[in-house]
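One structure below.
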Protein chains: 2
Amino acid sequence: MVQPVGDPRFEDLTARARIRDAALRLFAERGIDGASIRDIAKAAGVSGGLVRHHFGSKEGLRDACDAYALDRLMRIKEQAVLGGQLANPGFLPATHPTILLLYRYLARGMVDGSKAAASRFDDMVELAEQWLARHEPGHSQDPRAYAAVLVAMQTGLLALHEHLSRALGADILAPEGHLRMSRALVDFYSTPLLSPELAAQAHAAFEQVERLQASQPRNPAGPSAAQGAE
Amino acid sequence: MVQPVGDPRFEDLTARARIRDAALRLFAERGIDGASIRDIAKAAGVSGGLVRHHFGSKEGLRDACDAYALDRLMRIKEQAVLGGQLANPGFLPATHPTILLLYRYLARGMVDGSKAAASRFDDMVELAEQWLARHEPGHSQDPRAYAAVLVAMQTGLLALHEHLSRALGADILAPEGHLRMSRALVDFYSTPLLSPELAAQAHAAFEQVERLQASQPRNPAGPSAAQGAE
DNA sequence: CACCCCGCTATACATACGTATAGTCTGCTG
DNA sequence: CAGCAGACTATACGTATGTATAGCGGGGTG
């Protein structure tokens with residue numbers, strides 16, 4: 001059986017590591033509640049009791065998965081950026097499946113309400129905001145909101161990977177589909193969907209709604225996003 | 001108790017309607033598995049047995065919620081577009097909370113694996129693709145993928161509303177936060193994040209990866225999205 | 001060798017859940 | 001008035017799950 005989570009450090013041939021890897025995968029696939037301890041134990045090839053022996057409880061197992069996912073992502077990023085591994089053409093292809101699985105786990109955790117995933121989301125928003133301030137100053141009137149929307153959209157792609165893959169006819173967690181998605185993503189990031197005129201119209205409409213809210217504060221309001229799909 | 005799902009048609013004062021409304025809300029908040037029939041019955045002020053009496057099973061209740069959510073959305077859209085209600089300044093503020101709840105329910109269903117939500121996603125992709133073909137022909141080299149990414153991103157915002165709201169300090173399902181998000185969204189749609197040079201670089205990199213995949217088909221590959229937050 | 005820590009299994013227990021069924025009350029109809 | 005249909009409740013049942021505990025076996029240490 002292949003270990004998709006990878007990085008077989010010497011300690012990682014233990015049953016504890018197998019349990020954690022299986023949990024990571026099943027949690028990502030079925031959600032926290034959808035993956036039982038018995039299922040995880042079976043996938044790891046151990047008894048259910050051993051899961052409790054090593055991790056104390058399901059919550060403990062989840063915490064361990066959270067910590068491992070974050071640590072793993074940080075190490076890979078360090079290797080890529082500081083270690084100069086980006087120049088190595090084999091590095092990204094080798095680590096990419098692991099990265100995608102880890103992201104998928106964290107994205108699932110955000111929907112299922114994981115504290116680690118939540119703080120991960122906040123970290124990403126913070127990083128995105130800093131990156132925007134450095135590389136695209138003045139890009140948006142509300143950089144915080146812009147960064148948050150950006151991160152939520154990206155994370156949403158992973159959370160909805162099943163449907164996105166179905167619509168594309170290729171798994172976005174596999175090379176082919178991911179490549180197709182990435183290309184559309186670059187298109188999306190590089191060519192504006194709304195003309196300056198339409199954007200100005202939308203902003204004017206928001207102003208109007210805001211004035212309306214101020215005069216009738218009890219009345220809930222807010223137009224739907226200015227976009228054509230709906 | 002106020003009925004946030006609204007549209008109190010004459011039949012909607014019945015216990016059956018109260019159960020369906022409570023289920024819609026609890027399913028959206030906690031997920032399908034997270035909301036038990038007993039919880040829903042309590043929220044609706046009825047016994048658990050009555051839920052089964054009216055809907056047969058939890059699956060049946062979910063199907064009813066799906067059908068109701070889609071029907072409700074279609075009716076509101078019909079009223080807005082065909083009925084000319086968009087000119088009525090009170091229409092959008094009044095229906096908006098309902099729309100958001102319905103979308104949130106459907107977004108949750110997509111993560112939890114609802115067939116109705118899945119087909120809803122596919123419908124939205126289809127609509128977005130048609131809209132793009134009509135209003136922005138030639139906008140993307142792969143309109144299908146572009147439309148799918150667009151819809152997934154939008155839906156992801158709702159699926160991750162909890163974290164987005166926390167990052168913004170305001171509930172995006174309430175007027176104030178939704179307004180702030182909408183503004184960032186318009187910024188996002190109207191001003192390109194990637195310069196043409198960067199986009200060209202990214203596309204060139206994708207070409208390279210594709211050639212690499214073709215020569216080493218067993219090696220999984222694909223760069224992460226060309227974006228600065230990560 | 002004797003001992004014991006530790007990885008590990010097997011099994012038991014309480015709970016919560018979806019489901020099923022029996023029964024009560026109310027309003028309508030003949 | 002008799003009777004029936006349907007809305008509704010109370011309660012029981014089987015199962016799956018998280019949790020807890022008792023016990024087994026092997027390898028290192030005195």
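Note on naming: letters A, B, ... go to the chains in the order of the sequence lines (proteins, then strands), and numbering restarts at 1 for each one.
Residues A/R25 and A/D21 are not paired through a salt bridge, judged by the lack of any N-O separation under 4.0 Å between the basic side chain and the carboxylate. With respect to the salt-bridge test (charged N to carboxylate O, under 4.0 angstrom), the residues A/R180 and A/E176 do not qualify. A salt bridge does not link A/D66 to A/R120: none of the charged nitrogens lies less than 4.0 Å from a carboxylate oxygen.
Ring planes of A/H178 and A/H96: perpendicular class, angle over 60° (limits at 30 and 60°). Using cut-offs of 30° and 60° on the angle between ring planes, the pair B/F188 and A/F188 is tilted.
Summary of the strand contacts: A/R38 and A/G48 both lie near DNA chain C, and taking for each the nucleotide with the nearest heavy atom, the more 5' one is attributed to A/G48.
The distance between atom CZ of A/R52 and atom P of D/dA22, rounded to the nearest whole Å, is 12 Å. In this structure, CZ of A/F55 is placed 15 Å from P of D/dG18, rounded to the nearest angstrom. Protein atom CG of A/L26 is 12 Å distant from nucleotide atom P of D/dG18, rounded to whole Å. Nucleotide D/dG18 holds its P atom 13 Å from the CZ atom of A/R62, rounded to whole Å. In this structure, A/K58 atom NZ and D/dT17 atom P are separated by 8 Å, rounded to whole Å. Rounded to whole Å, atom P of D/dT19 lies 15 Å from atom CG of A/L50. Atom CZ in B/R18 sits roughly 7 Å away from atom P in D/dC8 (whole-Å rounding). The CG atom of A/D39 sits 13 Å away from the C1' atom of D/dG18 (whole-angstrom rounding).
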Does the pair A/D122 and A/S119 meet the rule for a side-chain hydrogen bond (donor to acceptor under 3.5 Å, both in side chains), with working shown? CA-CA 5 Å; A/D122 296 342; A/S119 78; over 6 Å; no
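Boundaries of the chain A contact region on DNA chain C are C/dG7 to C/dA12, first to last in 5' to 3' order (nucleotide atom under 4.0 Å from a heavy atom).
The side chain of B/V46 sits closest to D/dT9 out of D/dT9, D/dG18, D/dA20.
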